[in-house]
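Below is one structure; the comments refer to it alone.
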Amino acid sequence: MEELHGHHAIWRFDEETVRIGFGTGRRVPALYKALGHCSVPLAAVRDVEFDPGERKHGWRIRLRLVEGADPYAPLETAGAGGAATPLVLTGPHERELVAEYCADRITESARYARETLTGPLDLAQVARALVVGLPYQARTGEGAVSFDGDRVRLMWDGWMASTAKGQEKSREFPLSEIESLQWFPQRDFDEGFLRVVLRGVTMPEASGLENDFFTLASHGLKGSEESLLMAATVNTHIALARGDTAEEPAARAPELEAAAPAEGSDEIFAKIRELGSLHAEGLLTDSEFSSKKAELLDRL
């Protein structure tokens, strides 16, 4: 099993799975701390994006999953924007070549896993491995939201709760009645918020968040990422309850149309690792390493 160390996490991967372990330090994002760890089957990886970045900010790797497998993707594309995700790893500039090699390795392994998949891919179970275990509670300055697998409960007991919400105290929503949880990050001076959308119910717009008893507001970074994790978690359990779980391999095959890795790919990657060691020791220049690596990758 190979591994790649980043700023806030370690990715360990083989031919089938990427296992992600998050740090616990003071600078580790709240979403990562709450998750602790997660895993992704390579058969669910549609694309691997690698950005070498620059000396100051370092490199970035992003896993893009097949549609329906990433519980954070809808929260990014439904007008919310700015959503965090556990599927991103960043690291220092000096490990750029190692990160690029690992991104290439994951790309090839994901392609092979998709092409050799023999049964349907359980999308909801893939998503479930990327969210938090239950019960889970997220707290903001306005209060808290909790989920035990059966019910979502909003509580307005925080110091920033309005008088109206403070008097209401709390509301509970059975999972069977919830269409989805929406998440909106803070923008400029507006609060961010989590909103419960009920199934088959058109809810009137409240005059403001302070009177909207289907929302829990967050102010600044306090509770924002934890609320995002709550939305992803509840939406995943809704998909599981509905049975939105399976993807037929043939339905996704065109997305990853490519030849299977050529025979001897393990030997080629071994040579790339050797080149990386020689480069790290100063025996190969940057241009020599890049040229020889590109030549080897062309053989796959």
Side-chain angles (χ1 to χ4, degrees), residues 1-14 17-42 44-65 69-77 80-107 109-110 126-134 136-140 183 185-186 192 194 218-233 235-236 276 280:
M1 180 173 289
E2 300 183 68
E3 62 181 46
L4 176 62
H5 292 248
H7 286 135
H8 306 303
I10 300 175
W11 285 13
R12 297 181 172 89
F13 59 94
D14 52 24
T17 309
V18 177
R19 295 173 177 84
I20 304 172
F22 298 105
T24 57
R26 182 172 58 86
R27 295 186 178 182
V28 175
L31 174 68
Y32 295 173
K33 287 183 181 178
L35 275 175
H37 61 85
C38 59
S39 62
V40 184
L42 285 173
V45 175
R46 172 175 55 84
D47 190 23
V48 182
E49 299 173 354
F50 175 74
D51 179 4
E54 55 189 35
R55 184 172 294 276
K56 181 178 180 180
H57 298 292
W59 49 267
R60 179 180 185 271
I61 297 178
R62 169 67 189 264
L63 299 182
R64 297 286 183 183
L65 306 189
D70 182 355
Y72 301 89
L75 301 170
E76 291 181 280
T77 59
T85 172
L87 300 175
V88 168
L89 183 67
T90 61
H93 173 75
E94 57 266 23
R95 292 184 62 82
E96 175 193 330
L97 291 174
V98 175
E100 185 177 9
Y101 159 75
C102 289
D104 291 340
R105 193 78 170 95
I106 293 172
T107 298
S109 297
V126 173
R128 188 173 186 175
L130 293 170
V131 297
V132 73
L134 302 180
Y136 176 59
Q137 182 179 99
R139 178 162 287 278
T140 73
W183 176 83
Q186 180 176 358
L194 183 76
S218 55
H219 306 79
L221 297 178
K222 173 64 177 176
S224 180
E225 290 190 2
E226 294 94 326
S227 297
L228 165 65
L229 180 56
M230 179 63 77
T233 300
N235 292 341
T236 295

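Counting begins at 1 with the first residue of the sequence. Only this structure's heavy atoms are used, side chains among them; waters, hydrogens and symmetry mates stay out.
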Can you find a pair of side-chain heavy atoms, one from [X] and one from [Y], that are under 4.5 Å apart?
| X | Y | result |
| --- | --- | --- |
| T140 | S227 | yes |
| P29 | E225 | yes |
| P41 | V126 | yes |
| P74 | N235 | no |
| T85 | L63 | no |
| W59 | D51 | no |
| V40 | L65 | yes |
| Y72 | L130 | yes |

With sequence neighbours excluded, give me every salt bridge (charged side-chain N to carboxylate O under 4.0 Å, His left out) pair touching residues 24-36.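 Those involving residues 24-36 do not exist here.
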Residue pairs meeting salt bridge (charged side-chain N to carboxylate O under 4.0 Å, His left out), one or both in residues 3-12, sequence neighbours left out, come to E3-R12
Output yes when a side-chain donor or acceptor of W11 lies under 3.5 Å from a complementary backbone atom of G6, and no otherwise. no
Show your reasoning for whether side-chain contact (heavy atoms from CB on, under 4.5 Å) applies to L194 and M230. CA-CA 9 Å; L194 183 76; M230 179 63 77; 4.1 Å; yes
Least distance between heavy atoms, [X] atom then [Y] atom:
| X | Y | value |
| --- | --- | --- |
| A129 | C38 | O-CB, 3.1 Å |
| L35 | P86 | CD1-CB, 3.7 Å |
| S218 | G223 | CB-C, 4.3 Å |
| V48 | A103 | CG1-O, 4.0 Å |
| T17 | S39 | CG2-CB, 4.0 Å |
| L75 | A232 | CD1-N, 4.0 Å |

For a quick test of your reading: what N or O donor-acceptor pairs under 3.5 Å do the side chains of residues 88-95 make, sequence neighbours left out?
from : atom 1 : to : atom 2 : distance (Å)
T90  : OG1    : H7 : ND1    : 3.0

State the [atom1]-[atom2] distance between [X] and [Y], to the nearest 0.5 angstrom.
| X | Y | atom1 | atom2 | answer |
| --- | --- | --- | --- | --- |
| L228 | E76 | CG | CD | 8.5 Å |
| L229 | S224 | CG | OG | 11.5 Å |
| T233 | L134 | OG1 | CG | 7.0 Å |

Set of residues satisfying salt bridge (charged side-chain N to carboxylate O under 4.0 Å, His left out) with respect to R128, sequence neighbours excluded: none
Less than 3.5 Å apart, any donor N or O on the side chain of Y101 or E2 sitting next to an acceptor on the other?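 Note: Y101 and E2 side chains meet the donor-acceptor criterion.
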Single hit among R62, R64, E49 for side chain to side chain contact (heavy atoms under 4.5 Å, CB included) with L87: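 That would be R62.
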Any carboxylate oxygen within less than 4.0 angstrom of a Lys/Arg side-chain nitrogen, looking at D14 and R19?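 Between R19 and D14 there is a salt bridge, with a charged N closer than 4.0 Å to a carboxylate O.
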Please test I106 against L42 for side-chain contact (heavy atoms from CB on, under 4.5 Å), starting from the C-alpha separation and ending with a verdict. CA-CA 8 Å; I106 293 172; L42 285 173; 3.8 Å; yes
Can you check side-chain contact (heavy atoms from CB on, under 4.5 Å) on I10 and I20, steps first, answer last? CA-CA 6 Å; I10 300 175; I20 304 172; over 6 Å; no
Could you work out, with ring pair (Phe, Tyr, Trp, His ring centres under 6.0 Å) as the rule, every residue matching F50, not counting sequence neighbours?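 With neighbours one apart ignored, the set is empty.
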Partners passing ring pair (Phe, Tyr, Trp, His ring centres under 6.0 Å) against Y136 (at least two apart in sequence or in another chain):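 Partners of Y136 by the ring pair (Phe, Tyr, Trp, His ring centres under 6.0 Å) criterion come out as none, since no residue qualifies.
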